[in-house]
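All chains are named by letter (A, B, ...) in the order of the sequence lines, taking the proteins before the strands, and each is independently numbered beginning at 1.
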Amino acid sequence: MLRLYATVAAGGFRRHSTYRVATLAGLFTNTVFGFVLSYTYIALWAERPALGGYSMADALAYVWIGQALITVCGMMGGGFEDELIERIRTGDIAVDLYRPADLQGWWCAANAGRAAYQLLGRGAVPLLIGAVAFGFTLPAGPAGWAAFLLAVALGSFVSFALWYLVAMSAFWLLDGQGVVQVAWLAGLFFSGMLLPLNVFPGALGELARALPWAALLQVPADVYLGRYGDGWGLVRAYGFQLGWLALLLAAGRAAQAAATRKVVVQGG
Amino acid sequence: MSLTGSFIELDGLEKTFTVRRRTGLLRREKREVRAVDGISFTVDRGEMVGYIGPNGAGKSTTIKMLTGILTPSGGRLRVAGIDPARERTRLARRIGVVFGQRTTLWWDLPLRDSYRLVHRMYRIPDDRYRENLARCVDLLDLGDLLDVPVRQLSLGQRMRGDIAAALLHDPEVLYLDEPTIGLDVVSKSRMREFLRELNATRGTTVLLTTHDLTDIEQLCSRVMVIDHGRLMYDGGLAGLHEAGGGERMLVVDLERELPPIEDVPGARFVRADGPRQHLAFPASASAAPLVAAVAAAYPLVDLSVREPDIESVIAKMYGGASGGTHERRRESLR
Amino acid sequence: MAERLRTAGAHGSGAVEVLRTYRLVAAMWIRSTMTYRASFALTLVTSFCVTFFDFVVILLMFGQVQGLGGFSFAEVAFLYGTTGTAFGLADLALGSLQRMGRRIRDGSLDVFLLRPVPLLAQVAADKFALRRLGRVLQGLMVLMWSLVLLRHEVAWSWGTALMVPAMVACGAVIFMAVMVLGASAQFWLQDAAEVANSFTYGGNTLLQYPPTIFAQDLVKGVVFVVPLAFVNWLPALYVLGRPAPAGVPSWAAFASPLVALVCCAVAGLAWRAGVRSYRSTGS
């Protein structure tokens, strides 16, 4: 069974690696946005050094981590939900439901392959460009990098679980675009894509840091910046991600089970 | 403008595509593909012509040039005296196109709304529009469907809806790409009846591509076969069968398993599956006397006539050498 | 002969024909959208909120600091409002152009080419989404708010007052030209559609902030290479009574209409070249 999912994931990786021009175009766009945001952060941190507990070098690292992880951790769309919604809308999903492999597991594996490719193809280069152009904070040695990569992997799975749940809504709402929009909006704001969550004031900041979207960018970025230390703090960060992951996957499963019953009852 | 006074004129029409293919990590191979390789023919006003050939033979490339979507790489082309590549939008008012697998109707809206858009886009005078719509609704039996969103229509209903949409502006020529694909037997014969009627009463020129030889047999007095971008045959259907040595198949279901039927003149026993026997006979011959002869001598339960498909006719026509399945296009390395 | 005269007439009124076609197709899409009312309401609200959150970031920033690059909150809001409204208008009108690559790939662009109406109008109105109005409204609200805040700080005259609507109109046209340019590139490189986003969405983000916070080479780039600075930076600096960025002549503040015109000409040429290439390669 595990071999099957590994094959599916490899397929997802290969499939996305064929879109070379699209990858290059994405790289370019991420880099442009990285530069624009960097200058606004520089202006902001010049006025208020140590804002949100970040030094300017930390804040700049945050900008480029955000650009690197956009597609990996799906802050602005999971990268698979359009296709899944389309299959639900057209009824092709019935075929998937009768496949021996589990629907959620299948898509999760394919998405893991996609995310891995995006990390290599679209994530690494902007990070490198940003580091050269702005000389921002780097993680503390290989252990720091490893801790960061684990947080990114977990973030990418949380993102999958979130977007999968969103896609499931298409079983009930013929046109899933409205829900996708809301999810997109929430992701954009609460992931810290626009501004780090620890700059959010008071209760809004407390709330934002407790929501699942914090697991996508804020937690990986803070792991990168070494703000959790390397002991229990780190375990707590991973625990936060794992907790949301389990909860969202379970919710996705429940929705899927209800949807399957619906499809079976309606006969497709 | 026109040399021969024909409605559609092609003279040495060519279309060459440059295809780039990645052959290694960085190496790229550039080669020219001749999708249409010097085709010449004329079609008179009011003709109904079948345009057939295997997939990738150059059929749709030709249609795209005839409608002005694609610019030819060589040769001369006139439709109603107009050069399609240069005056595409002007020509658009005078032609109608239906792609069998691609609807132009609005998915979420009632059929009527799509027609209203055509009305305004083509600037059809109101009375003409009403008249044409009424005629199409009547002949294509669309009355109950006008207020139904297109997404709820069956494939056959949608095809009828699409044909009506292509005819509202009184086109002088109608290009049909696989008009009966995916339709059931009843819808198919209804579609053919409509097209015959359209051609007979309005004098609309019809050019249709199809994989269904029955379409051609029942509609077209003339058929053109294209393969590898070249015109291989232009003439009547009977002639095509002769040229291809085509045979049709009479499939007879007998009451029980019997020895092979070998005593009916004009028929050749091919094989038997239990009580079902397959008899081949020349495609140009009528099936009627054959059926009568079989029915007179054997206990018949059911029978049907199977047409040879285009691919097999064409394959036979060229001695099977170009088979049309493996190497679709003539390609030259550059 | 009559036929000839009629087509000559149609060619003469090209712009009118483009607008007429656009209106026809857009109306069809609005009706289509309205068949899913709940979803439409949701998307309109989210579209408004998306852009609102965008502004919340600036509010949050100013919750922490007094000024940004020497500009006050009201001045940044003015920059935000002008580019936001201009970009919103362009996005409302031509936002669908970035999806054209899909039409090319699945071959449905051919259907557009079969109709006796301009291709650009059909592609631009394709999937017309009224929800994009949310962005325009939000931009306008911020602009109004900034004008209220700035009413005493700026030495208003007829000239500076007129520059505000002119800035928004020219800015919208410049953004539209960039969108058409991006769409034209899709005739050759369908997968590179995202690059256009860096100039449209990215440009809009850039122009929300004062030019003083950016590296001067970047500022020169958007003045002389991709002339986005003419959307709002140069005229807005003039309205706010601030000097133009280093190396830019002061009269450049009034050059936006001219720049918009040039952008349109370039975009038009690119579009024609793109269509010609598509019709000769069919891909």
Side-chain angles (χ1 to χ4, degrees), chain A residues 18-48 51-52 71 76 122 133-134 169-170 173-190 192-197 199-202 204-205, chain C residues 33 35-71 101 129 131 185 189-199 201-215 218-219:
Chain A
T18 55
Y19 304 132
R20 283 169 212 231
V21 179
T23 305
L24 279 177
L27 253 174
F28 178 79
T29 311
N30 290 356
T31 307
V32 168
F33 270 91
F35 271 96
V36 172
L37 288 176
S38 290
Y39 285 112
T40 64
Y41 279 33
I42 288 173
L44 194 58
W45 262 264
E47 299 274 339
R48 279 285 306 272
L51 179 61
T71 51
M76 299 171 71
R122 268 181 86 154
F134 293 96
S169 74
L173 301 169
L174 248 179
D175 177 27
Q177 278 314 301
V179 180
V180 170
Q181 288 267 320
V182 172
W184 188 82
L185 174 68
L188 191 65
F189 192 66
F190 289 114
M193 193 62 215
L194 297 171
L195 206 61
L197 299 182
V199 176
F200 283 27
L204 181 63
Chain C
T33 323
T35 58
Y36 302 105
R37 264 169 213 281
S39 203
F40 170 72
L42 212 53
T43 50
L44 184 64
V45 172
T46 45
S47 161
F48 184 86
C49 292
V50 164
T51 37
F52 178 68
F53 278 8
D54 198 37
F55 185 64
V56 166
V57 172
I58 291 181
L59 284 176
L60 288 176
M61 282 184 174
F62 276 89
Q64 308 282 358
V65 296
Q66 289 303 312
L68 212 54
F71 280 58
R131 68 179 146 81
L189 288 168
Q190 287 119 50
D191 287 340
E194 213 181 328
V195 169
N197 286 356
S198 4
F199 296 104
Y201 287 86
N204 180 41
T205 309
L206 177 81
L207 299 174
Q208 291 167 0
Y209 295 95
T212 46
I213 69 168
F214 296 102
L218 185 67
V219 175

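Contacts with chain C were tallied for L51(A), T29(A), V21(A); T29(A) has the most, counting heavy-atom pairs under 4.5 Å. Considering only heavy-atom pairs separated by less than 4.5 Å from chain C, the leading option among L194(A), L24(A), N30(A) is L194(A). The residue among V182(A), L44(A), V32(A), T31(A) with the most heavy atom pairs within less than 4.5 Å of chain C is L44(A). Annotation: maximal heavy-atom pairing with chain C below 4.5 Å, among T40(A), L37(A), L195(A), occurs at T40(A).
Closest approach of G69(C) to E47(A), counting heavy atoms only: N-OE2, 4.2 Å. Across A192(C) and A25(A), no two heavy atoms sit closer than the pair CA-CB, 3.7 Å. The two residues F33(A) and S198(C) have their closest heavy-atom pair at CE1-CA, 4.4 Å.
For A215(C), the parts lying under 4.5 angstrom from a heavy atom of chain A are both the backbone and the side chain. Residue contact with chain A, scored on non-hydrogen atoms closer than 4.5 Å, involves the side chain of F199(C) exclusively. For L218(C), the part sitting under 4.5 Å from any heavy atom of chain A is the side chain, from C-beta outward, and nothing else.
Note on ring orientation: taking the six-membered ring where Trp is involved, the planes of F53(C) and F190(A) are perpendicular (angle over 60°, cut-offs 30° and 60°).
No donor-acceptor distance shorter than 3.5 angstrom exists from the side chain of R48(A) to the backbone of V65(C), with no hydrogens or angles considered.
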Does the side-chain contact (heavy atoms from CB on, under 4.5 Å) test come out yes or no for L206(C) and Y39(A), once each step is laid out?
CA-CA 9 Å; L206(C) 177 81; Y39(A) 285 112; over 6 Å; no
Using the side-chain contact (heavy atoms from CB on, under 4.5 Å) rule, take L60(C) and V199(A) through it: C-alpha gap first, then chi angles, then the decisive distance, then the call.
CA-CA 8 Å; L60(C) 288 176; V199(A) 176; 5.6 Å; no
Chi angles and distances behind the side-chain contact (heavy atoms from CB on, under 4.5 Å) call for I42(A), I213(C)
CA-CA 8 Å; I42(A) 288 173; I213(C) 69 168; over 6 Å; no
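Taking a 6.0 Å sphere around CZ of F52(C), one finds it holds 12 or fewer heavy atoms contributed by other residues, nucleotides or ligands.
Annotation: side chain of V56(C) is in contact with side chain of F189(A) (closest heavy-atom distance under 4.5 Å).
Here the straight-line distance linking atom CE of M61(C) with atom OH of Y41(A) works out to 6.0 Å at 0.5 Å rounding.
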